[in-house]
Student: 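Dropping a structure here in structure tokens format, bear with me for questions.
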Amino acid sequence: KVWDAPLALPDLLVVASLAAWMGSNVFFAWKQGFQHHALSDEKVVGSAVLFALINGAIVLFLRSRGISVARLFGLRPARPLAALGTGAGLFLAALPLIWAVSALVQRWGGETQTQEIVRYFVLAVEQRDWGRILLAAGFATTAAPLLEEFLFRGYFYGTLRRHLGAPAALLLVSALFASIHLNAAALAPLFVLAACLTLAYEATGSLWTSICMHALFNTLMLGAMAYRITHGL
């Protein structure tokens, strides 16, 4: 149900450029052994602003060619609540698979590393720093799902689907999504998560479905972290 007809060669060039930039960041991080540094408040906000600026530029680029972003990405579904309900249902269906892959990685490859934003959130919870808790939670449960789904599922997947076909687009976008999180141990679970989000978008034609799934996943992960910390588990 994904409508990709308006995404032409100019979009493919933009996607290739952005993917090359992201890939170079991943490459240099890999060369340095994926060394992680503590996130600052400025980096959390800066990351959200950077993605917002990229998405905003894409919106302007599409609108300058007379393309309706809302129609292109299914942001005006006939039944908005049904789209969100579908996202919640698909999230529950995908969760066991994601957990199974994560468990296999832990069994065969050791304990998975936590992402920087998760470590930032954990430290904030341990210190009872409500300002940083709200900042991390807002980024992970609202900003990241909206911005990342627009960029990866909407624009990247839609463009690559138009020119390479759905299977190749799903694999490429899922691999890029997983790799930019700069967490080698979590590559497989993140790849599966990205694939599930892409399949949900493919099945419904509305980004709200994958946004809902992404937001629920991040909310569940942060909620579980907070519960374990506050209860000493």
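Remember, predicted model here, so these are calculated numbers, not experimental data.
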Student: Between atom CD1 of I211 and atom CZ of F150, what is the distance when rounded to the nearest 0.5 Å?
Tutor: 9.5 Å

Student: Count I, L, V, M, F, W, Y as connected when their side-chain heavy atoms are under 4.5 Å apart, and connections chain through other members. Are V15 and L50 then in the same cluster?
Tutor: yes

Student: Using atom types as modelled and distance alone, determine if a side-chain donor or acceptor of S102 lies under 3.5 Å from a backbone N or O of I98.
Tutor: no

Student: Please assess Y120 against D41 for the test side chain to side chain contact (heavy atoms under 4.5 Å, CB included), listing each intermediate value before the final yes or no.
Tutor: CA-CA 9 Å; Y120 177 93; D41 301 345; 2.5 Å; yes

Student: Do L95 and F217 come close enough that some side-chain heavy atom pair is under 4.5 Å?
Tutor: yes

Student: Kindly compute the distance separating OG (S206) from CG (L84), expressed to the nearest 0.5 Å.
Tutor: 8.0 Å

Student: How far does CG of L170 sit from CG of L199, to the nearest 0.5 angstrom?
Tutor: 5.0 Å

Student: Would a 4.5 Å heavy-atom cut-off, applied to side chains only, mark R153 and F177 as touching?
Tutor: yes

Student: To the nearest 0.5 Å, what is the distance between CG (L123) and CG (D129)?
Tutor: 8.5 Å

Student: Is it true that L75 and L60 fall in one hydrophobic cluster, defined by side-chain heavy atoms closer than 4.5 Å?
Tutor: no

Student: For the residue pair M22 and L151, establish whether any side-chain heavy-atom pair is separated by less than 4.5 Å.
Tutor: yes

Student: So, for C196 and M213, which heavy atoms are closest and what is the spacing to 0.1 Å?
Tutor: O-CE, 4.1 Å

Student: Measure across F191 and A178 and return the closest heavy-atom pair with its distance rounded to 0.1 Å.
Tutor: N-CB, 3.7 Å

Student: For A70 versus R76, what's the shortest heavy-atom pair and its separation?
Tutor: CB-NE, 3.6 Å

Student: Applying side-chain hydrogen bond (donor to acceptor under 3.5 Å, both in side chains), run through D4 and Y157 and close with a yes or a no.
Tutor: CA-CA 9 Å; D4 57 12; Y157 175 72; over 6 Å; no

Student: Could you state whether L97 and L187 fall into the same hydrophobic cluster, counting links through intermediate Ile, Leu, Val, Met, Phe, Trp or Tyr residues with side-chain heavy atoms under 4.5 angstrom apart?
Tutor: no

Student: What pairs of residues pass the side-chain hydrogen bond (donor to acceptor under 3.5 Å, both in side chains) test when at least one of them lies in residues 46-67, not counting sequence neighbours?
Tutor: D11-R65

Student: Would the distance check show the side chain of T159 and the main-chain N or O of F156 forming a donor-acceptor pair, the cut-off being under 3.5 Å?
Tutor: no

Student: State yes or no: do F139 and L134 share one hydrophobic cluster built from I, L, V, M, F, W and Y residues joined by side-chain heavy-atom distances below 4.5 Å, directly or via other members?
Tutor: no

Student: Output the distance between atom CZ (F73) and atom CD1 (I67), rounded to the nearest 0.5 Å.
Tutor: 8.5 Å

Student: For the pair F152 and F51, name the ring-plane relationship: parallel under 30°, tilted 30 to 60°, perpendicular over 60°.
Tutor: tilted

Student: Atom CG in L13, atom CG in L18: separation rounded to 0.5 Å?
Tutor: 11.0 Å

Student: Do W130 and I133 come close enough that some side-chain heavy atom pair is under 4.5 Å?
Tutor: yes

Student: The test is side chain to side chain contact (heavy atoms under 4.5 Å, CB included); show your working for V44 and I117 and say whether it passes.
Tutor: CA-CA 8 Å; V44 175; I117 187 63; 4.2 Å; yes

Student: In terms of hydrophobic clusters joined by side-chain contacts under 4.5 Å, are L92 and L81 together?
Tutor: no

Student: Taking C-beta and beyond as the side chain, do L72 and Y155 meet within less than 4.5 Å on heavy atoms?
Tutor: no

Student: For a quick test of reading the model, state the closest non-hydrogen atom pair linking V2 to E202 and the distance between them.
Tutor: CG2-CA, 3.6 Å

Student: Within the structure provided, determine whether L197 and Y201 are in side-chain contact (heavy-atom separation under 4.5 Å).
Tutor: no

Student: Let me see the working for T198 and S210 under side chain to side chain contact (heavy atoms under 4.5 Å, CB included), right down to the final yes or no.
Tutor: CA-CA 7 Å; T198 304; S210 60; over 6 Å; no

Student: Evaluate the side-chain proximity of V125 to M225: yes if any heavy-atom separation is below 4.5 Å, no if none is.
Tutor: no

Student: Identify, with sequence neighbours excluded, every residue that meets salt bridge (Lys or Arg N to Asp or Glu O under 4.0 Å) alongside R162.
Tutor: none

Student: Any idea which heavy atoms bring V105 and A188 closest together, and the distance?
Tutor: CG2-CB, 3.9 Å

Student: Would you check if the side chain of H214 reaches a backbone N or O of L193 as a donor-acceptor pair within less than 3.5 Å?
Tutor: no

Student: Indicate the atoms forming the closest heavy-atom contact of L176 with A19, along with that distance.
Tutor: CD2-CB, 4.0 Å

Student: Hey, are the side chains of L12 and L160 touching, using non-hydrogen atoms and a 4.5 Å cut-off?
Tutor: yes

